[in-house]
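Below you'll find the structure, written out as structure tokens, and then a few comments.
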Protein chains: 2
Amino acid sequence: MFDKIIAHVKRFVPLSPKEEEILCSYLKIEEYAKKKHLLEEGEMCTGKYFVNSGVVRMYTLNEKGVEQVIHFAIEGWWITDYFTFNTNMPAKCGIQAVEPTQIIVIDAAEQEELLKELPQMERYFRLVLEKAYAASLMRTHYMFNFSAEERYRHFSEHYPEFVQRVPQYLVASYLGFTPEFLSMLRAKKG
Amino acid sequence: MFDKIIAHVKRFVPLSPKEEEILCSYLKIEEYAKKKHLLEEGEMCTGKYFVNSGVVRMYTLNEKGVEQVIHFAIEGWWITDYFTFNTNMPAKCGIQAVEPTQIIVIDAAEQEELLKELPQMERYFRLVLEKAYAASLMRTHYMFNFSAEERYRHFSEHYPEFVQRVPQYLVASYLGFTPEFLSMLRAKKG
DNA sequence: CAAAAAACTTAAAGCAGTTTAAGAAAACAC
DNA sequence: GTGTTTTCTTAAACTGCTTTAAGTTTTTTG
């Protein structure tokens, strides 16, 4: 049930069988159908989500109410609204299942207890965040330094399963252009 | 000498006078003149940098050799190339002083020892990274959802000292447009 | 303080990507 | 399995920002 997340944690910090049990006692599994929300704009963000299977997207709304995809997470990725997680403010973004998705949740309120019981989880989350932050800066780099076409070619080369699993209009939004333009790119070649 | 960083750490985790001393024993001060590099592309990233005073920028190079500002850091911000910090790979980005800058460095090699001596620093860095990551996603949000003009107006309203201290062509690069266009915006109004 | 370098401005021509609108195809629900 | 909704396509008109190029101002340096 929790093997994937246990394996993930063990890639970063050691965990005895007993400690594995402790960790598991803090985990909850949740199932989300396609298009169901893990978090809706304006709600309180009550947990950290580990994608056990499936795909989710994080998005923000602009003034016209258009949804902009900020981030995808697939199996093995953590996702949460860190912006409001620590502040008890209502979320400014939504998190939604793109396909049927199984999520492992660590509740915000219980996280502190877990970190006291298993201090190495503090290190685990630090290391995971270092990777996520680096990836976010790399995304910024790609957005600035490559044209829409280059971004699309790069993305479909490096994450072909994504292009399969995720509707094109969400890929377009993530890459920062319109679905119509993506359609044009596809017509042109590949 | 290290009051600013001590105060910063204490905003997130407790630190006894003795522990303060331990922390300080791991810190080094470095001075950088304007335009000097903390890190150059291709070098190994050997530390984490806390800006004690001054401003630095992180940038990447595109294929044409044009520098793109990915990130600024002022007093009280940490900056490092997390992408290569943990991997011992040569850096893909540069970090440069924008004005005369005082940096507090934690050496990569010594960081592990520090974290063993002061486990709460693990928590400190996690919390700092959560903020940095949230800010990076927020930047992505602004890039996607606002026009170049809106981004400039928002930036100069919220970070007026920045617009004073940082050359315009760097602000333009950070906001994702050309210096010529920024000039045009300024001519138009304010 | 004079010379050189760095930073900023202006304006015209150009284009990458958007907008709009309407139709086709695929996925979903009953 | 048929009706409805969602997703994808095509194409023409449009626009926000870039490119280019030349000139001006400011800052740096010996």
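All values below come from the heavy atoms of this structure, side chains included, with hydrogens, waters and symmetry mates left out. Every chain is numbered from 1, with letters handed out A, B, ... down the list of sequences.
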Next item on the list: Take atom CZ of F146(A) and atom P of dG17(C), then tell me their distance rounded to the nearest Å.
Entry: 13 Å

Checklist line | K36(A) vs E31(A), salt bridge (charged side-chain N to carboxylate O under 4.0 Å, His left out): CA-CA, chis, key distance, verdict | finding: CA-CA 9 Å; K36(A) 287 290 172 197; E31(A) 303 275 349; over 6 Å; no

Margin query: Strictly below 4.0 Å: does S183(A) bring a side-chain N or O up to OP1 or OP2 of dT10(D)?
Written below: no

Next item on the list: Could you check how far CZ of F144(B) sits from C1' of dT18(C), rounded to whole Å?
Entry: 15 Å

Next item on the list: Answer yes or no: does a side-chain N or O of K35(A) lie under 4.0 Å from OP1 or OP2 of dT7(D)?
Entry: yes

Notebook entry, point to check: How far does NZ of K131(B) sit from CG of L129(A), to the nearest 0.5 angstrom?
Noted result: 14.0 Å

Note to self: Distance check needed: dC8(D) C1' versus F177(A) CZ, whole Å only.
What the structure shows: 14 Å

Item checked: Approximate separation, where rounding is to 0.5 Å, of E30(A) CD and K28(A) NZ -> 6.0 Å

Note to self: How many whole angstroms separate atom CD of Q164(B) from atom P of dT27(D)?
What the structure shows: 13 Å

Margin query: Measure NZ/K188(A) against P/dA11(D) and give the value in whole Å, please.
Written below: 15 Å

Margin query: Can you see if the side chain of R186(A) gets near the phosphate of dC8(D) - specifically, an N or O under 4.0 Å from OP1 or OP2?
Written below: no

Notebook entry, point to check: So, is K34(B) close to the dT28(D) phosphate, meaning a side-chain N or O under 4.0 Å from OP1 or OP2?
Noted result: yes

Next item on the list: From the options dT19(C), dG17(C), dC8(C), select the nucleotide whose nearest atom is closest to the side chain of A148(A).
Entry: dG17(C)

Item checked: Bend angle of the helix from dC1(C)-dG30(D) to dC30(C)-dG1(D), from helix axes over five pairs at each end, nearest 10° -> 70°

Checklist line | Closest heavy-atom pair and its distance - V56(B), A97(B) | finding: CG1-CA, 4.0 Å

Margin query: Nearest to the side chain of F181(A), heavy atoms from C-beta on, is which of dG17(C), dC8(D), dT9(C)?
Written below: dG17(C)

Check: Does R57(A) make a cation-pi contact with Y59(A) (under 6.0 Å, within 45 degrees of the axis)?
Finding: yes

Next item on the list: Look at the side chain of Q168(B) and decide which nucleotide, out of dT9(C), dT18(C), dA7(C), has an atom nearest to it.
Entry: dT9(C)

Item checked: Residue Y169(B), side-chain atoms from C-beta onward, closest of dC8(C), dT20(D), dT10(D) -> dC8(C)

Checklist line | Cation-aromatic face contact K48(A)/F125(A), 6.0 Å, 45 degrees | finding: yes

Notebook entry, point to check: Looking at dC17(D), dG17(C), dT19(D), which one has an atom nearest to any side-chain atom of S147(A)?
Noted result: dG17(C)

Notebook entry, point to check: Within 45° of the six-membered ring axis of Y174(B) and under 6.0 Å from that ring's centre, is NZ or CZ of R139(B) located there?
Noted result: yes

Notebook entry, point to check: What is the distance from CG of L182(B) to C1' of dT10(C), rounded to the nearest Å?
Noted result: 14 Å

Notebook entry, point to check: When the distance from CG of N62(A) to P of dT18(C) is rounded to whole Å, what number comes out?
Noted result: 13 Å

Notebook entry, point to check: Out of dT18(C), dC8(D), dT20(C), which nucleotide sits closest to the side chain of E180(A)?
Noted result: dT20(C)

Notebook entry, point to check: To the nearest angstrom, how far is L170(B) atom CG from dC8(C) atom C1'?
Noted result: 13 Å

Check: If you measure from SG on C93(B) to NE2 on H141(A), what distance do you get to the nearest 0.5 Å?
Finding: 9.5 Å

